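Structure, as C-alpha cells:
Just so you know, ligand 1 is whichever comes first in the structure, and atom 1 is the first atom listed for that ligand. All values reported here derive from a predicted model rather than from experimental measurement.
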Amino acid sequence: MVNYIEAAGAPLKNTGAIRLYGPEAFEGMRAACQLTARCLDALVDIVKPGVTTDEIDRFILAFGLDHGALPATLNYRGYTKSSCTSINHVVCHGIPNDKPLREGDVVNIDVTFILNGWHGDASRMYPVGSIKRAAERLLEVTYECLMLGIAAVKPGARTGAIGEAIQTFAEAERCSVVRDFCGHGVGQLFHDTPNILHYGRANEGPEIREGMIFTIEPMINLGRPHVKVLADGWTAVTRDRSLSAQYEHTVGVTADGCEIFTLSPAGLDRPGLGSNT
Ligand code: MF3
Ligand code: CO
Ligand code: CO
C-alpha cells in the first residue's frame with residue numbers, strides 16, 4: 001500500500017510516503033537542475049586525455065560555489081568529493097582521484113547541486129578522445145534507455161512502466177540492466193521515495209502522479225548485470241569487467257507527461273554523440 005503527501009509542510013525526512021510538489025517547488029527544482037546541466041555542459045571542453053578526475057571534481061566544486069550552490073555528495077555518508085566519476089567498467093560512485101584520463105576511456109560524471117535547498121541531480125557520459133565502436137554503441141543504447149524511460153512517465157502509469165521500457169530496449173540490444181542501483185525521489189532530500197527501478201514490469205510499483213519528482217538513471221552493461229563494490233566502500237564495478245554506462249535526468253511529473261529539469265540548455269545531453277533527438 002502506497003500513500004502520498006503534499007510536500008509543503010511535510011517534515012524533511014523520508015517518511016515512506018511519496019511527496020507531491022506544486023509550482024514553487026518545480027521552480028526551485030528547475031533552477032537547481034539547470035545549474036547542474038550548465039556545469040555538465042562546461043565539462044565537455046574539460047574532459048580530455050591527461051586530465052585527472054580530481055581536476056574535474058575541483059572544477060565542479062568551484063562552479064557550484066561560484067553560483068551559490070553546494071555539491072550534495074560532499075560529506076554525504078562519508079563521501080568526500082563533489083562528484084562521482086565512473087570510468088569504463090566502473091558502474092557508478094567512482095571516486096575522483098589523481099590518475100589522468102586516457103584516450104579511449106568513457107567516463108560518467110554525476111553532479112548534484114543543492115541550490116536554495118533544492119537538489120539538481122544529473123549525469124552524462126563523456127568520451128575521452130576517440131573511443132571504440134563498441135563503447136559508442138553502449139553510450140547510444142544507454143542514452144536511448146534513459147529517454148525511453150522518461151517517455152513512459154505519465155500520471156496513471158506505474159513506476160514499473162519506466163523499468164519495463166528500459167529493460168526491454170537494453171536486452172533487445174544484447175545489453176544488461178544493473179539491478180543494484182536505482183533512480184529515486186529527489187527534491188529537498190537527495191534520496192527520497194519512491195525507488196525508480198530500471199527493470200521490471202509495467203504493472204509493478206506505485207502509481208505515478210502529477211507533482212512527483214524523481215530521477216531516472218539507468219546503468220547499462222555490455223556484459224552481465226552483476227556488480228561488486230570495491231574495498232573503498234563506494235566504487236561499484238561490473239563483476240565481469242565489461243563496459244558500463246549511465247545517463248541521469250531529474251524529472252517532474254506534469255498533467256500529461258513530465259518536464260525534464262536537467263535538460264542541457266546547449267543541447268549537450270549526449271556529449272560526443274551529436275545533438276539530442
Ligand atoms: N548522484 C548519485 C545519484 O545519482 C548519488 C551519489 S552519492 C555519492 O543518486 F555519495 F556516491 F556521491
Ligand atoms: Co540520482
Ligand atoms: Co546522480
So is Tyr79 polar-close to ligand 1, meaning N/O to N/O under 3.5 Å?
->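 By distance alone, the answer is no.
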Within a distance under 4.0 Å of any heavy atom of [X], pick out the atoms of ligand 1 and give their elements.
{"X": "Thr112", "answer": "1 (N)"}
{"X": "His191", "answer": "3 (C), 5 (C), 9 (O)"}
{"X": "Phe190", "answer": "1 (N), 5 (C)"}
{"X": "Trp234", "answer": "8 (C), 10 (F), 11 (F)"}

Could you count the protein N, O or S atoms found under 2.8 Å away from the Co ion (ligand 2)?
->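 The number of such protein atoms is 4.
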Does Glu217 approach ligand 1 within less than 4.0 angstrom via side chain, backbone, both or neither, non-hydrogen atoms only?
->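 Within the 4.0 Å criterion, Glu217 contacts ligand 1 through side-chain atoms alone.
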If you measure from each non-hydrogen atom of Asp121 to ligand 1, which part falls under 4.0 Å: side chain, backbone, both or neither?
->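 Side chain only.
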Report the residues that fulfil side chain to side chain donor-acceptor pair (under 3.5 Å) with Arg224, sequence neighbours left out, ordered by chain and then residue number.
->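 Partners of Arg224 under the side chain to side chain donor-acceptor pair (under 3.5 Å) test: none.
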Compare all side-chain heavy atoms of Cys84 with those of Trp234 and state whether any distance is below 4.5 angstrom.
->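 When only atoms from C-beta onward are counted, Trp234 and Cys84 do not touch, as no gap falls below 4.5 Å.
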For Val178, the rest of its hydrophobic cluster, which grows through side-chain links under 4.5 angstrom |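 Besides Val178, the hydrophobic cluster comprises Val91, Phe181, Met219, Val227, listed by chain and residue number.
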So, [X] and [Y], do they make that salt bridge, N to O below 4.0 Å?
{"X": "Arg270", "Y": "Glu144", "answer": "no"}
{"X": "Arg30", "Y": "Glu27", "answer": "yes"}
{"X": "Asp110", "Y": "Lys81", "answer": "no"}

At the 4.0 Å heavy-atom cut-off, does His184 count as touching ligand 1?
->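 Checking ligand 1 against His184, which is what was asked, there is a heavy-atom contact under 4.0 Å.
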Tell me, please, which residues at least two apart from Asp105 pass salt bridge (charged side-chain N to carboxylate O under 4.0 Å, His left out).
->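 Checked Asp105 against salt bridge (charged side-chain N to carboxylate O under 4.0 Å, His left out); zero matches.
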Going by distance alone, is a donor N or O of one side chain under 3.5 Å from an acceptor N or O of the other, for Ser123 and Asn108?
->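 The answer is yes; a qualifying pair exists.
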Quick one: do Arg38 and Phe63 satisfy side chain to side chain contact (heavy atoms under 4.5 Å, CB included)? Show the steps, please.
-> CA-CA 9 Å; Arg38 283 166 50 208; Phe63 187 100; 4.1 Å; yes
Closest protein heavy atom (residue, atom, distance) for atom 1 (N) of ligand 1 =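 Result for atom 1 (N) of ligand 1: Asp110 OD1, 3.1 Å.
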Considering residues, nucleotides and ligands other than Asn116, do more than 12 of their heavy atoms fall under 6.0 Å from its CG?
->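 No, CG of Asn116 has 12 or fewer neighbouring heavy atoms, counting only those of other groups under 6.0 Å.
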